[in-house]
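See below for the structure under consideration.
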Amino acid sequence: MRLLETAAVAFSMFSAIPMPQLSWDDRNMRYALCAFPLVGAVIGGGCWGWSLLCGALRLPALLRGAGLCLLPVLLTGGIHLDGCCDTWDALASHAPARRKQEILKDPHLGAFAAIRLCCYFLLTFALWASLPRFPAAPVLLGFCLSRSLSGLAIAVFPLAKDTGLAHMFAAAADRRRVSAALALLSAGLCAGLCACGLGGGAMAAAALLAFLRYRIVAVRQFGGVSGDLAGWFLQTAELWMLIALFTVEIWEGML
């Protein structure tokens, strides 16, 4: 029962999928970050199902690409994309860390975030629609890996402030066990991606590079990680993994 409650907390926070109403406490939040990758598994499964449906109905590649572009946003309710937009505005300001933190709190969408959001959707849609095939296993593992690394960062990276979503989950977590579990899971997911072939290996490398950049940007420019930065990392890692997968798929198709 406690495992189900922990999963329900993760899905309630990080997805738009209806969940039973629970009172969050130290017991069911202690390992909630470890359940975060399960949300990725559901998103990957949803994308796989959409791809199969498009193939069965012989729908156009553009329609398949539109669904694959929008499904992750619809299933998460846009929570990560919201933080990503706030972070884009803060990064574009080139202001000191304290000012960047103030921009993260601003609920309004700035011009730089709007421009980058349009570019993000256009590029993501184009990449999904242009993929010669839908590699189910790497995509599924990729959605899990981005969330495993995101949870790991909250457990081990310095926090920018003692309030907010990231602090709430970090404070409630058994950080030693959570970080060990997510580190092992991330390593296993990277190994699984590498076993899928060159495309999967490129996705794992892209995710790890995004993770390294995440720490550098978070610490140097914001003084640590926050919920908004976690959303920015997740969207960045998934975009980089998609670019890596597309590049390898196209390159292999030319051989």
Side-chain angles (χ1 to χ4, degrees), residues 7 9-19 35-54 59-91 104 106-131 134-136 138-151 153-154 165-166 169 203 206-207 210 214 226-246:
V9 168
F11 275 88
S12 296
M13 187 68 249
F14 300 115
S15 83
I17 300 171
M19 286 286 130
F36 191 18
L38 293 177
V39 180
V42 171
I43 294 172
C47 290
W48 188 9
W50 173 250
S51 180
L52 291 174
L53 180 63
C54 289
L59 298 178
L62 289 179
L63 188 56
R64 183 194 69 175
L68 294 174
C69 174
L70 294 175
L71 266 174
V73 180
L74 296 176
L75 291 174
T76 61
I79 182 173
H80 308 300
L81 203 56
D82 174 64
C84 187
C85 288
D86 291 338
T87 304
W88 279 334
D89 273 332
L91 289 172
L104 290 180
D106 190 340
H108 299 95
L109 183 70
F112 289 105
I115 293 169
R116 295 187 186 188
L117 185 62
C118 292
C119 293
Y120 179 89
F121 273 116
L122 181 60
L123 179 57
T124 304
F125 166 65
L127 290 169
W128 280 123
S130 302
L131 271 178
F134 181 82
V139 171
L140 179 63
L141 293 174
F143 280 117
C144 294
L145 178 60
S146 63
R147 284 157 176 79
S148 180
L149 291 174
S150 182
I154 292 175
L165 181 64
F169 275 88
M203 290 176 67
Y214 176 28
S226 65
D228 289 321
L229 284 165
W232 169 75
F233 160 71
L234 192 143
Q235 299 291 161
T236 300
E238 291 181 353
L239 178 59
W240 285 17
M241 284 192 285
L242 180 55
I243 292 172
L245 176 63
F246 172 81

- Task: Considering non-hydrogen atoms only, spot the tightest contact between P138 and M203 and give its length.
- Result: O-CE, 3.3 Å
- On a heavy-atom basis, the closest approach of P135 and L245 is CG-CD2, 3.6 Å
- I79: what forms a side-chain contact (heavy atoms from CB on, under 4.5 Å) with it, not counting sequence neighbours? M13, T76
- CG of L75 to OG of S15: how many Å apart, nearest 0.5 Å? 8.0 Å
- Item | Spacing of OH belonging to Y120 relative to SG belonging to C69, to within rounding of 0.5 Å | 7.5 Å
- Message: Return the CZ to CG distance between R116 and L91, rounded to the nearest 0.5 Å.
- Response: 6.5 Å
- Enter the distance from T124:OG1 to F121:CZ here, rounded to the nearest 0.5 Å. 7.5 Å
- Please work out which of the three classes, parallel, tilted or perpendicular, describes the rings of F233 and Y214, given edges at 30° and 60°. parallel
- Query: Which distance, rounded to the nearest 0.5 Å, do you find between the OG of S130 and the CG of L62?
  - Reply: 8.0 Å
- Message: The criterion is side-chain contact (heavy atoms from CB on, under 4.5 Å); which residues satisfy it with A114, sequence neighbours excluded?
- Response: L109
- Message: My understanding is that only residues two or more places apart in sequence, or in another chain, count here; which of them pass ring pair (Phe, Tyr, Trp, His ring centres under 6.0 Å) with F125?
- Response: none
- Non-hydrogen side-chain atoms of C144 and L141 separated by less than 4.5 Å: no
- Heavy-atom nearest pair, S146 first then E238, reads OG-OE2, 2.8 Å
- State which residue, out of L234, L229, D228, fulfils the side chain to side chain contact (heavy atoms under 4.5 Å, CB included) condition with W232. L229
Give the table of side-chain donor-acceptor pairs shorter than 3.5 Å for residues 35-54, with sequence neighbours excluded, one pair per line with atom names and distance.
unit_1	atom_1	unit_2	atom_2	d
W50	NE1	R64	O	3.2

- Message: I need the full list of salt bridge (charged side-chain N to carboxylate O under 4.0 Å, His left out) pairs touching residues 118-130, with sequence neighbours left out, sorted by first then second residue.
- Response: none
- Query: Can you name the nearest heavy-atom pair linking S226 to L104, along with the distance?
  - Reply: OG-CD1, 3.9 Å
- Message: With rounding to the nearest 0.5 angstrom, report the CG to CG distance, D89 to L117.
- Response: 10.5 Å
- Who are the side-chain contact (heavy atoms from CB on, under 4.5 Å) partners of D82, not counting sequence neighbours? D86
- L123 vs L239 side-chain heavy atoms within contact, under 4.5 Å: yes
- Message: Looking at every heavy atom in both W128 and L242, which two are closest together, and how far apart are they?
- Response: NE1-CD2, 3.6 Å
- Side chains of R147 and H80: closer than 4.5 Å at any heavy-atom pair? yes
- Query: Between A113 and C85, which heavy-atom pair has the shortest distance, and what is it?
  - Reply: CB-O, 3.3 Å
